[in-house]
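Below is one structure, written out as structure tokens; comments come after it.
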2 protein chains.
Amino acid sequence: MLLKISFESPTPIYQQIRDQIILAMAKEALLPGENLPTVRQLAKDIGVNPMTINKAYNLLKDEGYLVIDRRQGARIQDAGLLKNEKTEYLIEALELILSEAKLKGVTKEELSKVILRIYGKRRD
Amino acid sequence: MLLKISFESPTPIYQQIRDQIILAMAKEALLPGENLPTVRQLAKDIGVNPMTINKAYNLLKDEGYLVIDRRQGARIQDAGLLKNEKTEYLIEALELILSEAKLKGVTKEELSKVILRIYGKRRD
DNA sequence: TGCTTGTATTATACTATATAATACAGACTA
DNA sequence: TAGTCTGTATTATATAGTATAATACAAGCA
């Protein structure tokens with residue numbers, strides 16, 4: 001698990017952890033069914049309190065990205081079980097980002113590049 | 001100025017104000033050169049402290065969206081002066097949102113709809 | 001001068017974030 | 001059964017962000 005945490009950032013540490021796990025899942029650096037480091041191990045690696053990791057894992061669990069098993073620890077959710085969840089809040093967040101991008105002159109072409117980078121070439 | 005503020009939201013009020021002004025700018029409900037309500041007026045309308053409005057306006061000023069003039073109050077920045085600003089942080093935020101969208105099964109077609117809604121039909 | 005503008009100041013209150021040290025419940029394994 | 005690994009709960013503490021309140025000030029303008 002390679003996580004780059006900025007302790008100077010205004011973004012809370014547990015949020016940074018949560019975001020980077022989602023990014024890793026999208027780029028398939030973390031695969032469904034795969035185990036994450038234990039709370040204590042990741043806390044040690046990053047140099048933060050175990051409860052901060054616990055908070056990040058629980059956030060991801062509540063959002064449906066992780067399954068937490070007392071025997072094995074945290075595990076990436078199966079792909080099928082993640083789909084068809086509520087996405088309205090994502091659309092709203094997207095509208096805000098796109099509004100800023102439009103106002104700052106980001107072109108449609110640049111947007112397409114980012115979409116291609118995340119989504120790949122599939123045609124749905 | 002129609003602003004819908006949620007006092008129960010975990011998003012700070014000044015952030016909500018900032019976000020909605022950007023959304024209004026993107027949909028051209030607020031036009032370059034247009035004046036915003038005064039700090040005191042908007043505070044009265046929404047029912048918050050004037051310093052909360054001040055914080056939102058200053059955030060927008062620092063981001064380049066507003067010009068604050070002691071004579072006339074806050075004014076929407078000219079379109080030309082907003083372009084060519086740094087947009088790396090927007091791309092990063094976009095990557096995160098798109099990662100979540102991908103994992104939750106949002107299709108490319110749905111993304112296109114949102115882009116069309118914000119950007120319109122221009123072809124850049 | 002008197003009115004408006006944004007801004008600064010000080011104090012207070014509440015909440016979120018993060019840490020620390022400990023302890024506990026459940027499940028595996030030797 | 002005892003030991004050891006999971007995640008989790010608890011309590012206390014510290015710091016920072018958010019928001020309010022009341023007041024005051026500087027700048028610009030009629």
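To find a chain, count down the sequence lines: A is the first, B the second, and so on, and within it residues start at 1.
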List in chain and number order the residues that pass side-chain contact (heavy atoms from CB on, under 4.5 Å) with V106(B), two or more places apart in sequence or in another chain; answer none if no residue qualifies.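 Applying side-chain contact (heavy atoms from CB on, under 4.5 Å) to V106(B) gives T87(A), Y119(A), A101(B), E110(B), L111(B).
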For Y89(B), what residues pass the side-chain contact (heavy atoms from CB on, under 4.5 Å) criterion, not counting sequence neighbours?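 Testing Y89(B) for side-chain contact (heavy atoms from CB on, under 4.5 Å), a comparison that skips the adjacent residues, returns E100(A), K104(A), Y65(B).
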Check salt bridge (charged side-chain N to carboxylate O under 4.0 Å, His left out) between R40(B) and all other residues, then give those that pass, not counting sequence neighbours.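 Counting only residues at least two positions away or on another chain, R40(B) forms no salt bridge (charged side-chain N to carboxylate O under 4.0 Å, His left out).
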Under the rule for salt bridge (charged side-chain N to carboxylate O under 4.0 Å, His left out), what residues qualify as partners of D45(A), not counting sequence neighbours?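 So D45(A) forms no salt bridge (charged side-chain N to carboxylate O under 4.0 Å, His left out) with any residue.
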Produce the list of close N/O pairs, under 3.5 Å, pairing protein atoms with atoms of nucleotides 26-29 of chain C; give distances to one decimal.
unit_1	atom_1	unit_2	atom_2	d
dC28(C)	OP1	R71(A)	NH1	3.3

Residues that T11(B) engages under side chain to side chain donor-acceptor pair (under 3.5 Å), provided they are two or more places apart: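 If we apply the side chain to side chain donor-acceptor pair (under 3.5 Å) test to T11(B), skipping adjacent residues, the hits are S9(B).
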Set of residues satisfying side chain to side chain donor-acceptor pair (under 3.5 Å) with respect to S6(A), sequence neighbours excluded: none
Between dG6(C) and N54(B), is there an OP1 or OP2 to side-chain N/O distance shorter than 4.0 Å?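 The answer is no; no side-chain N or O of N54(B) sits under 4.0 Å from OP1 or OP2.
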Sequence neighbours excluded and cut-off under 3.5 Å, please list the side-chain donor-acceptor pairs for residues 19-27 of chain B, or say none.
unit_1	atom_1	unit_2	atom_2	d
Q20(B)	OE1	K4(B)	N	3.0
Q20(B)	NE2	K4(B)	O	2.5

Would you please say whether a donor-acceptor pair under 3.5 Å links the side chains of N54(B) and N58(B)?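 Yes.
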Please confirm whether the backbone N or O of I118(B) pairs with a side-chain atom of K102(A), one donor and one acceptor, at under 3.5 Å?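 Checking the backbone N and O of I118(B) against the side chain of K102(A), a donor-acceptor pair under 3.5 Å is found.
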Exam field: side chain T52(A) to backbone V48(A), donor-acceptor pair closer than 3.5 Å: no
Can you give me the N/O atom pairs linking the protein to nucleotides 17-19 of chain C at distances under 3.5 Å, or say none if there are none?
unit_1	atom_1	unit_2	atom_2	d
dT17(C)	OP1	Y14(A)	OH	2.7
dT17(C)	OP2	Y14(A)	OH	3.2
dT17(C)	OP2	K55(A)	NZ	3.3
dA18(C)	OP1	I13(A)	N	2.4
dA18(C)	OP2	I13(A)	N	3.4
dT19(C)	OP2	N49(A)	N	3.0
dT19(C)	OP2	T52(A)	OG1	2.5

Using side-chain heavy atoms (C-beta onward) and a distance below 4.5 Å, is I13(A) in contact with I17(A)?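 Yes - at least one pair of side-chain heavy atoms lies under 4.5 Å apart.
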Under 4.5 Å side-chain heavy-atom separation, chaining through any Ile, Leu, Val, Met, Phe, Trp or Tyr, what else clusters with L59(B)? Say none if it is isolated.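 Other cluster members: Y14(B).
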Using a strict heavy-atom distance below 4.0 Å, which residues from residues 37-45 of chain A are in contact with DNA chain D? T38(A), V39(A), R40(A)
Distance under 4.0 Å to a non-hydrogen atom of chain B counts as contact; along DNA chain D, which nucleotides mark the start and end?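 Footprint of chain B along DNA chain D, 5' to 3': dT18(D) to dC29(D).
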